[in-house]
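This report concerns only the one structure given below.
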Amino acid sequence: MTTELDRVYREELGRPVSVLIRVLGDFQLAEDAVQDAFASAIERWPRDGMPRNPGGWIVTTARNRAIDRLRRDQNFMRKAEALARLEAMDTAEEEVSSIPDDRLALVFTCCHPALPADARVGLTLREVAGLTTAEIARAFLVAESALAQRLVRAKRRIRETGIPFRVPPDHLLPERLPGVLAVLYLVFNEGYAATAGDEPVRRELCEEAILLAKLLAVLMPDEPEALGLLALLLLQDSRREARFGPEGELVLLEDQARELWDEARIAEGLRVLERASEHRRIGSYQLQAAIAAGHAQGSDPEVVAAVYDHLVELDPSPVVQLNRAVAVALAGRVEEGLQLVDEIDGLDGYHLKHAARADLLRRLGRRDESVEAYRAALALEMNEADRRFLERRLREVGAEA
């Protein structure tokens, strides 16, 4: 039962929190009520069995816990208004399962431009995706206490400034879109390649990000970057089952068993990308999706590297530069790829930069330097799958040196 409870917590946390925030307009009360509901599940489900609709049970129980908390509230006006909204909720299990998805509205709330940029991503990962404060802190390489304070300040600002819980009206969507796209991409990435821990992939985060991206594409069907992001997530996720071996070890793209790739997801991603390409505006997510499509279709590595040349013009961030360098090397220009890696400013604390450099040095036969680079990578934090892969490569290169 503990495993099932953990699964429900991972998969269902975002929905009841978003439902109660919509009703209450209070992040902290919604969070506390949902945590109370899960605490009750821990006590009751092993004894009574798991309910037919676990998510609906959590929403109903959280609603009741919120009512209990409000009845103890000394602020009569706050209590009366919130109680009226809670008591008007229809929490029949069948109805709860079909509640319109409030998570997209919650994403827009968490990504409101009135909030500091560094708080938007963390708040979305916490409230929508259900990551713990510790997990988010590891993802951004900050102290857990500092991140916790950042989230508290963001929620206080939402409450004090009256930031609405809603998807913005049409005329505000274009200016709000870039921040939302960036956050959905980060949610997916944290699921696709967990920053730390024993689980290299968190499937529920990948599925959550894809679902929200689909909702956003329905909301903005003529926005090419919304379509580009959705295509990118679908194409990346198509390789999920092939990225790790039976012992949880990382499998590089060129070594993956293509028969494990999800052909239906690839086809869906290619269709969405084609819709995006019908628009004249080309953005970074469309280019990244084109790169993922190239991998899925087995395109010439030089073609993929050429797309990266265009991408780095739009987004010259260090991570994009690193990916471009690797693509150049995979196209047969290993010396040039290594030079590009060495020219990147920053990323010294990013293990994949050192890992990429180590691999290119290995390909060039510079074994001692490769060993040194692998050791530099292993000195940094990463998930266990990456660590096992790099340790194996270090042993192989060390034996050859």
**Message:** R150 vs L147, test: side chain to side chain contact (heavy atoms under 4.5 Å, CB included). Steps then yes/no.
**Reply:** CA-CA 5 Å; R150 189 183 299 172; L147 181 75; 4.0 Å; yes
**Message:** As a quick check of understanding, evaluate side chain to side chain contact (heavy atoms under 4.5 Å, CB included) for L172 and E175, giving each step before the final call.
**Reply:** CA-CA 6 Å; L172 292 179; E175 68 184 51; 3.9 Å; yes
**Request:** Just do the side chain to side chain contact (heavy atoms under 4.5 Å, CB included) check on Y308 and Q321 with the steps written out, would you?
**Result:** CA-CA 8 Å; Y308 265 115; Q321 292 182 47; over 6 Å; no
**Request:** Output, in order, the C-alpha distance, side-chain angles, deciding distance and verdict of side chain to side chain contact (heavy atoms under 4.5 Å, CB included) for L273 and L227.
**Result:** CA-CA 7 Å; L273 181 58; L227 295 169; over 6 Å; no
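A donor-acceptor contact shorter than 3.5 Å is absent between the side chain of T109 and the backbone of I163. Judged purely by atom type and a 3.5 angstrom limit, S40 has no side-chain atom pairing as donor or acceptor with the backbone of D36. R120 contributes a side-chain N or O that, together with a main-chain N or O of L115, makes up a donor-acceptor pair within less than 3.5 Å. Side-chain atoms of S299 do not come within 3.5 Å of backbone N or O of H295 as any donor-acceptor pair. The closest donor-acceptor contact from the side chain of E225 to the backbone of Y285 lies under 3.5 Å. At least one donor-acceptor pair under 3.5 Å links the side chain of S370 to the backbone N or O of A358. Remark: the backbone N or O of A296 is paired with a side-chain donor or acceptor of R258 at under 3.5 angstrom. Proximity of a side-chain donor or acceptor of K353 to a complementary backbone N or O of G346 within less than 3.5 Å is detected.
For R44, the CZ atom sits in a loose shell: 12 or fewer heavy atoms of surrounding residues, nucleotides or ligands are nearer than 6.0 Å. Enclosure of atom CG in D345 is not indicated, since only 12 or fewer non-hydrogen atoms of other residues, nucleotides or ligands lie within 6.0 angstrom. Few gaps surround CD on E391; more than 12 heavy atoms of other groups in view lie less than 6.0 Å from it. Within a 6.0 Å sphere centred on CD of Q28, heavy atoms belonging to other residues, nucleotides or ligands number more than 12.
Of all heavy-atom pairs spanning I266 and L235, the tightest one is O-CD2, 3.7 Å. The heavy-atom pair separating G191 from L205 by the smallest distance is CA-CB, 3.7 Å. Here the closest heavy-atom approach between residue L151 and residue G122 is recorded as CD2-C, 3.6 Å. Nearest heavy-atom pair, L219 versus L104, reported as atom, atom and distance to 0.1 Å: CD2-CD2, 4.3 Å. Shortest non-hydrogen contact noted between A305 and R333 is CB-NH2, 3.9 Å. Closest non-hydrogen pair, C110 versus L123, comes out as SG-CG, 3.8 Å.
A donor atom on one side chain and an acceptor atom on the other are found under 3.5 Å apart for E343 and Q339. Donor-acceptor pairing under 3.5 Å is recorded for the side chains of Y185 and Q288. Checked by atom type, the side-chain pair D386/H351 shows a donor-acceptor distance below 3.5 Å.
The shortest distance between side-chain heavy atoms of I67 and R63 falls below 4.5 Å. Using a 4.5 Å heavy-atom cutoff, the side chains of I158 and H112 are not in contact. Contact of the P224 side chain with the I282 side chain is not registered, since no non-hydrogen atoms from C-beta on lie closer than 4.5 Å. Counting heavy atoms from C-beta on, the side chains of F108 and V180 come closer than 4.5 Å. Between L252 and D255 there is a side-chain heavy-atom pair separated by less than 4.5 Å. You'll find the side chain of R388 stays beyond 4.5 Å of the side chain of L250, heavy atoms only.
Rounding to the nearest 0.5 Å gives a distance of 10.0 Å between CG of D237 and CD of E268. S284 OG to L232 CG: the interatomic distance, rounded to the nearest 0.5 Å, is 9.0 Å. Here L253 contributes atom CG and L330 contributes atom CG; the two are 8.0 Å apart, rounded to the nearest 0.5 Å. For the atom pair L212 CG and L229 CG, the distance stands at 10.5 Å (nearest 0.5 Å). Rounded to the nearest 0.5 Å, atoms CZ (R47) and CD1 (I42) are 13.5 Å apart. Between atom CG of residue D368 and atom CD of residue E372 there is a gap of 9.0 Å, rounded to the nearest 0.5 Å.
Between R271 and E278, none of the side-chain N atoms (NZ, or NE/NH1/NH2) sits under 4.0 Å from a carboxylate O, so this pair counts as no salt bridge. The existence of a salt bridge linking R387 and E381 is excluded, since no basic side-chain nitrogen approaches an acidic carboxylate oxygen closer than 4.0 Å. A salt bridge links R281 with E223; the closest basic N to acidic carboxylate O contact falls under 4.0 Å. Contact check on E396 versus R362 returns no salt bridge, with no Lys/Arg side-chain nitrogen under 4.0 Å from an Asp/Glu carboxylate oxygen. Under the 4.0 Å criterion applied to side-chain N and carboxylate O atoms, R265 and E241 are not assigned as salt-bridge partners. The residues D262 and R240 are annotated as not salt-bridged, no charged nitrogen and carboxylate oxygen being separated by less than 4.0 angstrom.
Under the 6.0 Å distance and 45° angle rule, R243 counts as a cation-pi partner of Y192.
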